[in-house]
Protein chains: 2
Amino acid sequence: MVQNKAAPFEAALKDAGLRITRQRKAILEVLAAAEDHPDAPELVRRAGKIEPSVSLATVYRTMTVLEEKGVIHRHQFDGESARFETANAPHHDHMIDLDSGQVIEFRSDKIEQLQREIARELGYELVGHKLELYGRRR
Amino acid sequence: MVQNKAAPFEAALKDAGLRITRQRKAILEVLAAAEDHPDAPELVRRAGKIEPSVSLATVYRTMTVLEEKGVIHRHQFDGESARFETANAPHHDHMIDLDSGQVIEFRSDKIEQLQREIARELGYELVGHKLELYGRRR
DNA sequence: GTGCAAATGAGAATGATTTGCAATAAAGAA
DNA sequence: TTCTTTATTGCAAATCATTCTCATTTGCAC
């Protein structure tokens with residue numbers, strides 16, 4: 001049997017007392033399958049193939065709700081509009097290819113550790129962080 | 001004699017073949033004196049005390065020009081509107097106090113170094129980066 | 001002082017995201 | 001299944017930050 005990758009997200013919605021609508025199902029399915037970091041119009045495009053009635057407003061509304069529930073992450077790379085990705089993958093940061101716009105994920109435990117140390121030194125408890133590297137292929 | 005902190009920025013304008021107008025003078029003076037990271041409306045407010053004719057459009061236009069010349073930095077913290085700071089201080093990153101919105105500057109050579117290494121490992125030349133820590137006072 | 005391109009203010013335009021509202025449709029109850 | 005309640009939706013209008021248009025002003029080189 002085919003395993004539905006979107007199932008855990010639907011469960012999260014249900015747990016939060018939210019309804020699982022056709023459009024949310026479609027959006028989550030698309031997001032769960034995405035290898036990249038699509039923005040809102042792109043989600044409308046992709047989800048529209050499954051459920052044509054998905055509107056831009058609903059995508060934004062859904063992203064807001066899911067972000068509050070911690071189910072997805074919203075990224076705002078430099079001048080671009082917001083992009084989204086599911087939050088099920090282990091934590092990582094992003095490197096943005098300045099020429100292609102492509103986003104590469106990476107993770108550095110050392111940097112994570114240093115960040116926590118720096119926050120503590122400054123008298124703060126680290127709640128979140130944003131690390132983006134911008135570069136060009138060499 | 002009182003040293004004009006804005007002088008180097010005016011020089012940069014002149015070098016770039018740009019005109020030193022009353023409004024630019026006022027904006028630069030305010031930015032050079034700022035201990036914080038003001039946004040555009042705040043710059044209008046402060047510069048307006050020196051030169052009342054400073055408009056929002058001019059602040060944005062000036063910030064764009066100065067950013068291109070590398071004289072100032074533009075920051076886009078989480079959901080907020082853009083904030084600015086002069087680029088004369090040595091490079092640093094930012095820690096944002098989630099409760100007060102206050103911005104604390106810090107610098108970590110180790111992290112800078114690690115970032116460069118990571119970029120190289122990924123096959124990229126690091127052109128720029130953005131590191132923001134979000135935390136709460138402990 | 002003159003002349004002219006650069007710069008400005010005011011307000012219109014833009015683009016991304018949000019919101020109001022009437023219509024629709026989940027999901028539990030009957 | 002059908003009924004009821006109320007969350008969710010699409011559409012279009014509204015926001016918000018930022019940029020642009022254009023007529024007018026003003027640095028500044030001569």
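Chain letters run A, B, ... following the sequence lines, proteins first and then strands; every chain starts at 1.
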Going by modelled atom types, is there a donor-acceptor pair between the base of C/dA6 and the side chain of B/Arg19 at under 3.5 Å? yes
When you compare the protein's N or O atoms with those of nucleotides 13-15 of chain C, which come within less than 3.5 Å of each other, and at what distance?
none

Let me know the distance between [atom1] of [X] and [atom2] of [N], rounded to the nearest Å.
X	N	atom1	atom2	answer
A/Leu66	D/dT8	CG	P	11 Å
B/Leu13	C/dT8	CG	C1'	15 Å
A/Ile20	D/dT9	CD1	P	12 Å
B/Leu56	C/dA10	CG	P	11 Å
B/Lys69	C/dA6	NZ	C1'	13 Å
B/Glu10	D/dG27	CD	C1'	13 Å
A/Leu18	C/dG28	CG	P	13 Å
B/Glu80	D/dC16	CD	C1'	14 Å

As a test of reading the structure: which of D/dT9, D/dA17, C/dT8 is closest to the side chain of B/Arg61, going by heavy atoms? C/dT8
So if I take every side-chain heavy atom of B/Thr64 and compare against C/dA27, D/dT8, D/dT19, which nucleotide ends up nearest? D/dT19
For [Y], is there an ion pair with [X] - N to carboxylate O distance below 4.0 angstrom?
X	Y	value
A/Asp36	A/Arg46	yes
A/Glu117	A/Arg120	no
A/Arg137	A/Asp99	no
B/Glu51	B/Arg22	yes
A/Glu125	B/Arg138	no
B/Lys130	A/Asp78	yes

5' priority, DNA chain D, between B/Arg74 and A/Ser55 [closest heavy atom]: A/Ser55
Please compare A/Pro52 and B/Lys14 by the position of their nearest nucleotide in DNA chain D and report the one closer to 5'. A/Pro52
5'-most by nearest nucleotide on DNA chain C - A/Phe84 or B/Thr58: B/Thr58
Gap between atom CG of A/Leu122 and atom CD1 of B/Ile104 - 0.5 Å precision: 6.5 Å
Atom CG of A/Asn88 and atom NE2 of A/His73: how far apart are they, to the nearest 0.5 Å? 9.0 Å
Is there a donor-acceptor pair under 3.5 Å between the side chain of A/Arg83 and the backbone N or O of A/Gln76? no
At under 4.0 Å, does any side-chain N or O of A/Thr21 touch on OP1 or OP2 of D/dT9? yes
Ordered by number, residues from residues 22-43 of chain B within less than 4.0 Å of DNA chain D (heavy atoms) are B/Arg22
Pairs flagged by ring pair (Phe, Tyr, Trp, His ring centres under 6.0 Å) wherever residues 14-55 of chain A is involved - sequence neighbours left out: A/His37-A/His94
